[in-house]
Amino acid sequence: MNISRLFDRGTAVCLTIQALIVASLAGCATSSPMGRGDTAACTARTTAIWVQADTERDRALNDAWCSTVGEPVVSLEPAGNEAVWEADHPLLVAVWNSEVGGGDLVVFLEQELGVSCSGQARHAPPPVVLLLQEAHRTSSDLPDAGPGRTVPWRIEPSPRRGADDHMAAVADRCGLAVFYAPSARNGASSKDVPHEDKGNAILSTVPLTDPIAIDLPFEVSRKVAVAATVVAPSGSRLRLVSVHLSVGTTLPRMLRHANTTRRRQARGLLQGLELVDAVDATIIAGDFNTWAAGEATLDEMRRHFPQSPDWDGNGTRGSFPVDHIFFRANPTAPLDIVPDSYRRVDDPYGSDHHARIVAIRDRS
Amino acid sequence: MRGALMLVVIAVPLVTASTLASQEVLTEESRAILGAALGSFSGGTLGLAAALEPCSRTESTLLCARIATATGTAVGLVAGAALGNDHGSAVTDRARSAGYGALAGVALGVGLQPFIQPYGWTDALALAAVGGAIGAVPQGSAWGAGVGGAVGLVLWRTWPAFDAPDAAALAFVGLAVGGLTEWIARATEDPERAMAMPLSVALPIGR
């Protein structure tokens with residue numbers, strides 16, 4: 001055989017294959033366009049501003065998953081004693097994945113954040129905002145949803161808190177403002193288990209404004225980030241965002257997108273926030289499901305949030321560095337992080353995640 | 001039932017293809033092309049698998065993954081073509097071995113179905129593809145993954161800054177390096193083959 005002839009023909013065939021492999025990667029962008037979700041199926045259910053990943057695939061899947069969950073909970077004024085964020089008392093911001101009822105939310109609020117849930121508090125509560133992931137709601141009002149691709153399997157931690165300890169009930173009992181936008185069902189409808197949905201939530205002892213729900217780019221399940229704003233003593237507006245990114249995706253998507261699942265969602269979140277009114281400072285906190293502290297998703301977040309606290313080397317789910325808090329403020333805003341206030345809460349309170357806490361002060 | 005159907009639908013073309021490849025109906029030229037195609041597919045897939053975790057820690061994740069994929073593809077292409085050209089029966093052995101790997105991949109995929117959600121045909125096909133890529137060069141892949149995984153395990157247990165994902169990444173890098181090494185080794189194992197590929201380098205010294 002003439003080897004030059006072989007490579008003339010063989011190489012042509014194989015270079016085509018190679019080109020197809022490389023092109024299949026080249027065609028997969030690591031970001032997804034975002035748009036105001038004025039036509040989203042979920043928009044009509046809430047007064048919150050809705051932002052969504054704006055590809056046809058993202059819209060179709062997010063809408064299909066949305067049809068299985070209940071309405072968002074938007075109760076922006078604390079029902080109990082309202083906290084006052086004063087210049088000499090920093091705002092405590094906590095982030096916690098409460099594992100769909102595995103974590104003891106009431107005890108966490110009382111012991112870590114000083115919120116009284118007994119109804120006998122004489123003093124105003126401290127200014128506190130809790131950014132929750134895997135918050136859940138138990139309600140017979142949720143739509144029926146049989147097993148299928150839009151209904152994830154049920155998460156049933158053991159031991160689990162009672163049905164009265166779901167997020168909305170706790171907010172009511174502790175007199176907190178609440179904004180909750182469910183992402184998905186917690187299991188299919190069944191006679192044997194209560195109807196539940198789950199997602200991200202914000203609980204607060206200070207009034208919230210401007211609720212925003214952001215349907216992130218769809219990977220393997222629907223993820224809705226929630227955002228709301230609080231007003232600092234100086235009048236500066238601080239936006240707080242609770243987010244939960246996907247831990248992985250399907251094998252074909254992982255191969256085609258070169259393992260950029262979380263980066264695509266993080267970019268969607270950042271782009272989504274650019275579509276709404278600007279504020280003076282922003283905190284994004286949540287379960288980023290990152291496998292390594294050096295993951296490019298975290299580097300990108302730190303570039304956008306240069307005043308973020310450094311990672312302290314402590315894992316929050318086993319040794320995995322999954323839960324993070326990012327912060328940025330305009331140069332004119334008198335808001336910053338209280339030095340050394342960023343910490344991991346060592347007691348997981350029954351959840352499979354440790355919480356993180358940071359204090360924000362107003363220097364005015 | 002669905003899993004069994006999935007196995008049958010994916011297995012039939014794989015078995016047919018590997019059977020055809022092992023017959024004497026293939027010409028010398030087509031065996032070389034088969035070797036190049038199989039080598040580029042196997043090398044590219046192994047390169048991509050190795051790149052997934054390390055590249056996710058770089059700013060240019062996609063570029064990094066593309067480079068790894070293209071490198072694996074190029075190495076596999078040349079090695080596979082050389083193997084098919086000079087040692088025809090060896091490349092049909094590789095094709096048959098890749099078929100077994102694909103079957104093992106899809107069997108694993110079907111077995112995982114009760115534990116992973118959501119799960120579908122595309123996942124099983126992707127596992128079949130990865131299984132085929134590994135199956136084409138099973139010894140090198142196994143050695144590489146074993147050595148990489150073992151080193152990763154030791155580092156994970158002894159070096160605090162080295163975590164479980166790092167160990168997994170090292171196993172995948174070992175898988176790819178081992179697999180590509182086997183492609184090269186098989187392509188160059190016949191001493192006469194070096195003469196069949198007259199590659200020379202001239203240094204322009206003294207000009």
Side-chain angles (χ1 to χ4, degrees), chain A residues 1-3 5-7 9-30 147-153 220-221 248 250-263 290-300 303 313 315 318-321, chain B residues 28-30 32-37 39-41 44-45 48-49 51-53 55-62 64-66 68-70 72-74 76-78 80-82 84-86 109 116-120 122-127 129-130 160-161 163-166 168-169 196-198:
Chain A
M1 171 181 281
N2 183 333
I3 197 163
R5 204 171 112 245
L6 162 71
F7 272 93
R9 299 173 64 176
T11 304
V13 173
C14 293
L15 283 179
T16 305
I17 295 170
Q18 177 178 344
L20 286 173
I21 293 172
V22 176
S24 70
L25 278 172
C28 301
T30 53
R149 296 186 72 84
T150 57
V151 177
W153 294 340
V220 74
S221 62
T250 62
L251 183 57
R253 283 185 70 78
M254 179 180 278
L255 294 174
R256 286 188 63 227
H257 291 273
N259 199 20
T260 54
T261 300
R262 290 175 290 282
R263 202 164 185 195
T290 40
W291 301 358
E295 190 170 310
T297 306
L298 300 177
D299 291 339
E300 184 151 350
R303 277 197 300 278
S319 62
F320 288 96
Chain B
E28 193 177 348
E29 242 178 52
S30 55
I33 293 173
L34 173 65
S40 59
F41 163 72
T45 306
L48 177 58
L52 289 178
E53 177 59 19
C55 288
S56 75
R57 305 185 192 188
T58 64
E59 167 61 23
S60 303
T61 303
L62 277 185
C64 171
R66 285 171 190 155
T69 307
T73 304
L77 185 152
V78 174
N85 181 42
D86 296 335
I116 300 175
Q117 190 202 30
Y119 199 90
T122 53
D123 298 279
L125 282 170
L127 266 175
V130 174
D163 225 323
D166 305 302
M197 298 183 70

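Order of the sequence lines sets the chain letters (A, B, ...), proteins ahead of strands, with each chain counted from 1. On a predicted model such as this, the values are computed, not experimentally measured, just so you know.
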Take Leu255(A) and Leu52(B) through the side-chain contact (heavy atoms from CB on, under 4.5 Å) test and state the conclusion after the steps. CA-CA 8 Å; Leu255(A) 294 174; Leu52(B) 289 178; 4.2 Å; yes
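- Under the side-chain contact (heavy atoms from CB on, under 4.5 Å) test applied with Pro252(A), the options Thr122(B), Leu127(B), Leu125(B) reduce to a single match, Thr122(B).
- Annotation: the span from His257(A) atom NE2 to Thr61(B) atom OG1 amounts to 13.0 Å, rounded to 0.5 Å.
- Minimum heavy-atom separation, Phe320(A) to Ala164(B): CZ-CB, 4.3 Å.
- Residues satisfying the salt bridge (charged side-chain N to carboxylate O under 4.0 Å, His left out) test with Asp166(B), not counting sequence neighbours, are Arg57(B).
- Options Asp299(A), Thr250(A), Thr261(A), Leu251(A) differ in how many heavy-atom pairs under 4.5 Å they form with chain B, and the most are formed by Leu251(A).
- With a threshold of 4.5 angstrom between heavy atoms, Ala68(B) does not approach chain A through any atom at all.
- Contact of Arg303(A) with chain B is made through the side chain alone, with heavy-atom distances under 4.5 Å.
- Not counting sequence neighbours, the partners of Thr290(A) by the side-chain hydrogen bond (donor to acceptor under 3.5 Å, both in side chains) test are His324(A).
- Note that CZ of Arg256(A) is 12.0 Å distant from CG of Leu48(B), once rounded to the nearest 0.5 Å.
- Taking OG from Ser56(B) and CZ from Arg263(A), the interatomic distance works out to 9.0 Å, rounded to the nearest 0.5 Å.
- Using a 4.5 Å cut-off between heavy atoms, Asp163(B) touches chain A through its side chain atoms alone.
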